[in-house]
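Nothing fancy with the numbering, it's 1 onward along the sequence. Just so it is clear, the values below take in all heavy atoms, side chains as well, and ignore hydrogens, waters and symmetry mates. Because the structure is a prediction, the values reported are computed rather than measured.
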Amino acid sequence: MSGNKDRRTLKEEIALVIQGYKILFKIEKRFVWIPVVKAFLSAFMPFVNLFMSAKILTELTGAKNFKTLIIYAVVTISLNFITAVLKKFAETKENIYLDDWWKKFDLFFSDVNNNMQYEHLENPKTHILRDKIQHTQNTVGGGFASLYWNLERLTDGIFTVIFSVSLTAGMFFLRADGNFSGITGFVNSPYSAIIIVLLIFINAGATIWSSKNEMSQSNDALEEMAQASRLANYYAGNIYNSGGVMDIKIYNQTPVILEEVKKFGENVSYLKIFGKILYKFKNIQATLNAAVNIIIYGYIAVKAFTGAFGIGLFLQYTGAVGRFVLGVSNSAGIIADYPHNNIYLKNILDYINMPNNMEQGTLKTEKRAGSAYEIEFRNVSFKYPGTDTYALKNLSLKFNIGKRMAVVGMNGSGKTTMIKLLCRLYDPTDGVITLNGIDVKKYDYAEYMAIFSVVFQDFKLFSFTLGQNVSTSVDVDTQQAEKCLNMAGLGERLQIMPKGLETPLYKDFEEDGVEISGGEAQKIALARALYKDAPFIVLDEPTAALDPIAEFEVYSKFNEIVGGKTAIYISHRLSSCRFCDDIAVFHEGELIQRGSHDALIADENGKYHELWHAQAQYYAENKTYSI
C-alpha cells in the first residue's frame, strides 16, 4: 500500500490530521481534552521531582538551612500528591469514557451509512473501502484510534521538551571563572551550545527518518498479511454462522477451508516479520539517543568540573537533558506516524465524505385525502453507475390512485430497478418521474420517501423485539402492531410468543430470543409495511418464502390488507396477479404489455401468455388455489 499511496504535500498531510481531529471532537469532545490533560500531568510530575531534588541537594551541600529544607520537602510532596490525584482522576475518566469509544464510533458510522446516498451503498467499491477500514482498525488501530493515542503521546513529548528546556536553558549561559583551554574552554564557549542544539536537531531528523521507514515497512508487511487475514475472517464467519456450519458439516468442507487459508498464510509469520522490522529500527533509534545523551552528559560533566555550577544543578541538568532527548525522540516518532496513519485516515474520510448527488427539493408532499397521490414515469431510462447497459429503457407508466398493479417479468427484466427509481433510491438517467404532475426531485426527500411502504425482496429484520421490528421505533402502538401482524397472517404465532410483542427476535443478544422461519419473517416484514400506513405500498415478492396455503391466505385478503392505498405488486408467480386491477409486463428493461389478466392471457403472442403457460405446467389441478 505504501508504494501506491498518493503523494501529499506537508500542508495536505496537516489538513488531513486536522480534519480527523475535528471529527473526533464532533463524535466526543472528551476524546480530545482528556489525552491532553493526562499528557500534561505525566510530563509535569518527573520535572517537579527533578527540580525540587536539585534544590534540596544544593541546600544540603550549601547553607543547610533546616527550615528551607522542610519547605522544599513539603512543596515536593504536595505537588506530587496533587499531580497524582489529578492524573488518577483523568485516567479514571478516560477508562469510563473509553468503554463508550467503539459504541460512539459505531453510532457515528451508522449515521454516516444512514445518510449515505444509496448508490454508494450498493457500489462494490464502497464495500471494499469499508472492509479496508474495518481491517486496519482491527489489526493496527489505524485511523481515529491512532489519532487518539498519538494526541496523548505527542502532547506528552511536547510538554516534556518544554519543561526540559525550562530547566536546562540556563546551563548554556553559566560559565566558570578563569581562563580555560582545550575541551574545558570549548564547553564554556557559545559554540558548544550551538553544536549541542544541532546534534539534537540531527537526532530528531534521524528519528523521523527511522520511524517513517519502520512504519512504511511494517505497513507493507501488513498488506501481505491482509489477504490471509481477510480470508481467515471470511471462513470463520461462515463456520460460526448457523447456515454455514450446517453446509460445512454436511459436505465436510473443513479440509478445503483450512487448505485455502494455509495457501495464503504459508511461509508468512506475522510476528516474525514485524519482530525483525521493530528490532532493526528500534535499535537504530536507541543507538542515536544513547549517542546524543553521552555527548550532552559529557558536556554537562565537563562544565560542572570547571565550576560553572554545583552538584544540585548538575543533577537537574543531566536529568532534564535525558528527558529532553527522550521527549524529542518520542515527538519525532509520533510526527512520523501521522503521515503513515493518514493512509488509513484518508480511507475513513473518503468514506465519510462521499458526495450526495441526489437533488434535495423543498416542496411538501401535502396530506391528501384518500391517499390521492398520482405517480407517473415519463420516458424514463436508467443504467446503474459504472455500466453502459440500460436496466430500464423509455419507460412511460402511470400508477392510478387506489388501484392494484402487478409488475411481472423474468429475472433482470427491470422490475426491481423500477421500484428503486420510484422510491428515489436512484434518480433516472433520462426522463422524469412526477408526483401529482411535479418532478419528484422538487419534493423534500424525506417527505417523498414517507409516502411509501415497501417490502423488498431482500428485506432485513433485526435482533430487536417483535414490536420494535414492526413499528421500527422504540415506542410501539401495541394495538396497531397486533392489528398489522394479524392482517399479515402472523396472528396465531403472536399468541404463542412468550412475551408477545416484547419477545426478542433471534438469539444474538437475548438468550430467550425466538428464532423465526423465513415465512414468518416475511409476514413480519409485511406487517411493518402496513404499520407505516403510507399511501403507496410496494410488495417485491412478498410471499416468496411462504407455503402455498399461507400464500393463498395473503392473496385472498389482499384487498383488506391494502385498503384504499395504491398497491404495486412484483412477483415471478403469475398466479398471484389475478387479484390486481392492472398488470405491467417487463422484458429486458422495457414495458412491453399492460392490461388485465384476462386481456393479457388472451393475447397468445404476448409475453404474459408465454410466461403463464410456462408456469402452469407445474401446478396440479387440485391445488389450494388455481391459476
Side-chain angles (χ1 to χ4, degrees), residues 15-16 18-29 31-32 100-137 143-145 147 344-365 382 384-386 416-417 419-429 433 435 439-456 458-464 468-469 471-475 525 528-529 531-532 534 536 538 540:
L16 275 175
I18 291 173
Q19 190 178 353
Y21 278 121
K22 283 182 177 178
I23 294 174
L24 204 63
F25 188 77
K26 179 182 177 182
I27 296 173
E28 175 56 74
K29 295 178 176 62
F31 290 158
V32 176
D100 293 334
W101 162 262
W102 290 115
K103 190 183 301 180
K104 288 180 181 292
F105 189 79
D106 288 341
L107 287 174
F108 172 76
F109 254 82
S110 294
D111 187 56
V112 169
N113 289 329
N114 289 337
N115 291 289
M116 185 177 290
Q117 189 173 339
Y118 184 79
E119 172 187 327
H120 300 315
L121 293 174
E122 269 203 335
N123 193 328
K125 292 181 180 179
T126 305
H127 298 171
I128 292 171
L129 183 58
R130 189 163 56 223
D131 288 344
K132 280 185 178 180
I133 293 169
Q134 190 69 42
H135 177 67
T136 52
Q137 283 176 351
F144 285 151
L147 282 182
Y344 310 129
L345 184 61
K346 180 71 164 53
N347 287 337
I348 297 175
L349 295 178
D350 285 347
Y351 189 84
I352 292 171
N353 297 323
M354 283 189 184
N356 190 335
N357 300 318
M358 297 287 284
E359 188 174 331
Q360 304 294 314
T362 57
L363 292 180
K364 303 296 182 183
T365 56
F382 176 75
Y384 285 97
T416 299
T417 298
I419 297 303
K420 289 179 179 178
L421 293 174
L422 177 69
C423 298
R424 279 211 76 195
L425 296 178
Y426 289 95
D427 280 333
T429 306
I433 303 172
L435 171 63
D439 189 341
V440 295
K441 296 178 183 178
K442 304 297 183 184
Y443 288 98
D444 178 86
Y445 188 78
E447 284 225 354
Y448 179 77
M449 294 286 280
I451 71 174
F452 296 99
S453 285
V454 187
V455 180
F456 285 108
D458 298 321
F459 66 86
K460 175 69 176 178
L461 298 181
F462 298 94
S463 296
F464 305 146
Q468 289 172 339
N469 268 285
S471 68
T472 66
S473 170
V474 175
D475 300 318
R528 178 170 64 188
Y531 186 97
K532 186 178 180 182
F536 266 86
V538 181
D540 188 356

If you take all heavy atoms of Asp427 and Met358, which pair is closest and at what distance?
OD2-SD, 3.5 Å
Mind checking whether Leu349 and Ile23 have side chains closer than 4.5 Å, heavy atoms only?
yes
Would you compute the distance between atom CG of Asn113 and atom CD1 of Ile352 and round it to the nearest 0.5 angstrom?
10.0 Å
A side-chain contact here means heavy atoms from C-beta on lying under 4.5 Å apart; do Lys420 and Phe382 qualify?
no
Between Asn353 and Gln19, is there a side-chain heavy-atom distance shorter than 4.5 Å?
yes
Taking side chain to side chain donor-acceptor pair (under 3.5 Å) as the test, write out the residues that go with Ser471, two or more places apart.
none
Tyr118: partners by ring-ring contact (aromatic ring centres under 6.0 Å, His included), with sequence neighbours left out
Tyr426
Please identify each residue that fulfils side chain to side chain donor-acceptor pair (under 3.5 Å) with Asn356, with sequence neighbours left out.
none
Test item: Arg528 and Leu461 side chains (from C-beta on) under 4.5 Å apart, heavy atoms:
yes
Residues two or more places apart in sequence or in another chain: which of them pass ring-ring contact (aromatic ring centres under 6.0 Å, His included) with Phe109?
Phe105, Tyr351
For Ala534 and Ala450, which heavy atoms make the closest approach, and how far apart are they?
CB-O, 3.6 Å
Can you see which heavy atom on Phe452 is nearest to which on Lys532, and at what distance?
O-NZ, 2.6 Å
Closest non-hydrogen atoms of His120 and Thr126, given as atom of the first, atom of the second and distance, are O-OG1, 2.6 Å
Give me the atom names and distance for the closest heavy-atom approach of Val455 to Ala529.
CG2-CB, 3.6 Å
Hey, does the side chain of Asn114 reach the backbone of Ser110 with a donor-acceptor pair shorter than 3.5 angstrom?
yes
Rounded to the nearest 0.5 Å, how far apart are CG of Leu16 and CG of Leu147?
10.0 Å
Keeping the roles fixed (side chain from Tyr443, backbone from Leu435), state whether a donor-acceptor pair exists under 3.5 Å.
yes
Any side-chain donor paired with an acceptor under 3.5 Å for Thr417 and Tyr384?
yes
Taking only residues two or more places apart in sequence, or in another chain, which ones meet Phe464 in a side chain to side chain contact (heavy atoms under 4.5 Å, CB included)?
Phe462, Gln468, Asn469
Sub-4.5 Å side-chain heavy-atom contact between Asn123 and Pro385
no
Roughly how far, to the nearest 0.5 Å, is CE of Met354 from CE of Met116?
5.0 Å
What's the shortest heavy-atom distance between Tyr21 and Val32, and which atoms?
O-CG2, 4.4 Å
Once side chain to side chain donor-acceptor pair (under 3.5 Å) is applied, do any residues pair with Gln360, and if so which ones, sequence neighbours excluded?
none
Indicate yes or no for a side-chain donor-acceptor contact from Lys364 to the backbone of Glu447 under 3.5 Å, with no hydrogens or angles considered.
no
Check: His127 side chain, Glu122 main-chain N or O, donor-acceptor pair, under 3.5 Å
no
